[in-house]
Amino acid sequence: MPVIRMENFGWRYEGQERWALRGVNLSVEQGEFVAIVGPNDSGKSTLVMAMNGLIPNNYYGVIEGSVVVKGMDTREHPVADIARHVGFVFSDPESQFLSMTVEEEVVFGLENIGLDVDEIRERVEWSLGLAHIPMDYLEKPPYELSGGQKQRVAIASILAMRPEIIILDEPTSMLDPVGKTEVIEVLREMRRSYNATIIVVEHRMEDIAPLADRFILVHDGRVLRDAPPREFFDDIDFLLEHGVFPPEPMVFVSELRKMGLYDGPIPLTLEEAISASREALSGLRGR
Ligand code: ADP
Ligand code: MG
């Protein structure tokens with residue numbers, strides 16, 4: 001059974017003529033890593049807020065179809081019930097910080113669910129380790145941290161709750177280049193060592209393509225593509241036409257392929273792009 005199932009889902013925010021999303025059919029299986037891409041205002045945040053029940057519960061608007069998360073129809077269950085299974089990380093780490101120290105931030109949710117001291121300690125160590133936050137940061141106030149560190153603490157505080165599903169909506173978009181790289185590294189670590197379902201809206205496709213099981217393209221309120229990375233990136237022109245800019249090595253190899261110099265798959269990593277280019281160029285030499 002999928003952990004998330006959307007059937008003919010649509011949402012129109014109150015006061016808007018346009019549907020922010022319409023006709024969305026998709027399911028996410030336990031343990032999948034799903035990447036969501038699309039231009040600004042295409043409906044990506046609306047999609048992920050529908051997956052944690054914030055839509056329709058905390059927004060005014062008109063809903064169509066249904067979203068079922070861990071067997072709960074989001075029209076019938078409060079966000080608090082759904083939030084026990086779904087952790088959510090926003091773009092802006094500031095917006096989710098509530099506490100005076102890193103420790104309070106990570107421990108807060110754990111105390112709320114009534115875990116004992118040993119379990120709390122174990123989870124704090126585990127989640128900080130996963131998020132690459134040294135233990136001696138526990139006493140630090142959030143304002144002493146860099147943007148990337150703040151976002152990693154925010155992620156740790158969600159991980160500590162061990163949600164079966166974790167959704168991150170552009171977790172790197174407010175960060176400087178170093179912070180972006182740090183957060184991507186945490187996503188990589190999560191993929192490696194945490195068997196949760198991970199759903200991430202993220203523009204850094206060169207970093208996500210090797211991690212994801214699936215890419216979803218949202219465009220103008222519709223899901224236009226939903227496929228494994230190899231297939232998703234196979235038609236680079238389609239993505240470019242719909243406001244998505246794939247990593248340059250992919251675009252380059254796609255051009256070589258159009259010129260008839262290469263006929264293999266589109267590369268997902270720089271290494272693969274280099275071997276694809278080698279193959280194309282060695283073919284040229286033989287002519
Ligand atoms: P994305 O995350 O891809 O940038 P959003 O899901 O935020 O897109 O937005 C989809 C559409 O819904 C946009 O046209 C946006 O202006 C509109 N929208 C988003 N949030 C609200 C809101 N709270 N009230 C009214 N319209 C909204
Ligand atoms: Mg958004």
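All ligand and atom numbering here is 1-based and tracks the order in the structure.
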For atom 15 (C) of ligand 1, what is the nearest protein heavy atom, given as residue, atom name and distance? Asp41 OD1, 4.0 Å
Under 4.0 Å between a Lys/Arg side-chain N and an Asp/Glu carboxylate O for Lys44 and Asp169? no
Check Glu14 against ligand 1 and report side chain, backbone, both or neither, counting heavy atoms closer than 4.0 Å. neither
So if I count the atoms of ligand 1 from 1 in the order they appear, which ones are less than 4.0 Å from some heavy atom of Gln16? 25 (C), 26 (N)
Any N/O/S atom from Ser45 (main chain or side chain) under 2.8 Å of the Mg ion (ligand 2)? yes
Go through it in stages, so that I can follow the logic: the residues are Asp207 and Lys180, the test is salt bridge (charged side-chain N to carboxylate O under 4.0 Å, His left out), and I'd like the CA-CA distance, side-chain angles, deciding distance and then a yes or no. CA-CA 10 Å; Asp207 296 311; Lys180 285 186 203 291; over 6 Å; no
Arg152 side chain to Ala156 backbone, donor-acceptor under 3.5 Å: no
Between Asp73 and Arg75, does any NZ, NE, NH1 or NH2 come within less than 4.0 Å of an OD or OE carboxylate oxygen? yes
For atom 11 (C) of ligand 1, which candidate among Gly221, Ala20, Gly15 holds the nearest heavy atom? Ala20
Any idea which protein heavy atom is nearest atom 27 (C) of ligand 1, and the distance to it? Tyr13 CD1, 3.3 Å
Ion pair Arg162/Glu122, N-O distance below 4.0 Å: yes
Could you identify the single nearest non-hydrogen protein atom to atom 8 (O) of ligand 1 and state the distance to 0.1 Å? Gly43 N, 3.2 Å
Under a 4.0 Å heavy-atom limit, does Lys44 contact ligand 1 with its side chain, its backbone, both, or neither? both
Check this for me - ligand 1, Ser42, N or O atoms closer than 3.5 angstrom, yes or no? yes
Using a strict 4.0 Å cut-off to heavy atoms of Ser45, name the atoms of ligand 1 that fall inside it. 1 (P), 2 (O), 6 (O), 7 (O)
One finds that the ligand 1 atoms under 4.0 Å from a non-hydrogen atom of Pro39 are 3 (O)
Would you please indicate if the ring centroids of Trp126 and Tyr194 are separated by under 6.0 Å? yes
Could you tell me which atoms of ligand 1, counted from 1 in the order shown, lie closer than 4.0 angstrom to a heavy atom of Thr46? 5 (P), 6 (O), 9 (O), 10 (C)
For Asn40, the atoms of ligand 1 under 4.0 Å from one of its heavy atoms are 4 (O)
Can you say whether the rings of His242 and Phe238 are parallel (under 30°), tilted (30 to 60°) or perpendicular (over 60°)? tilted
For atom 14 (O) of ligand 1, grab the closest protein heavy atom and report residue, atom and distance to one decimal in Å. Arg18 NH1, 3.0 Å
Between Arg123 and Glu119, is there a salt bridge with N-O shorter than 4.0 Å? yes
Between Glu185 and Arg192, is there a salt bridge with N-O shorter than 4.0 Å? yes
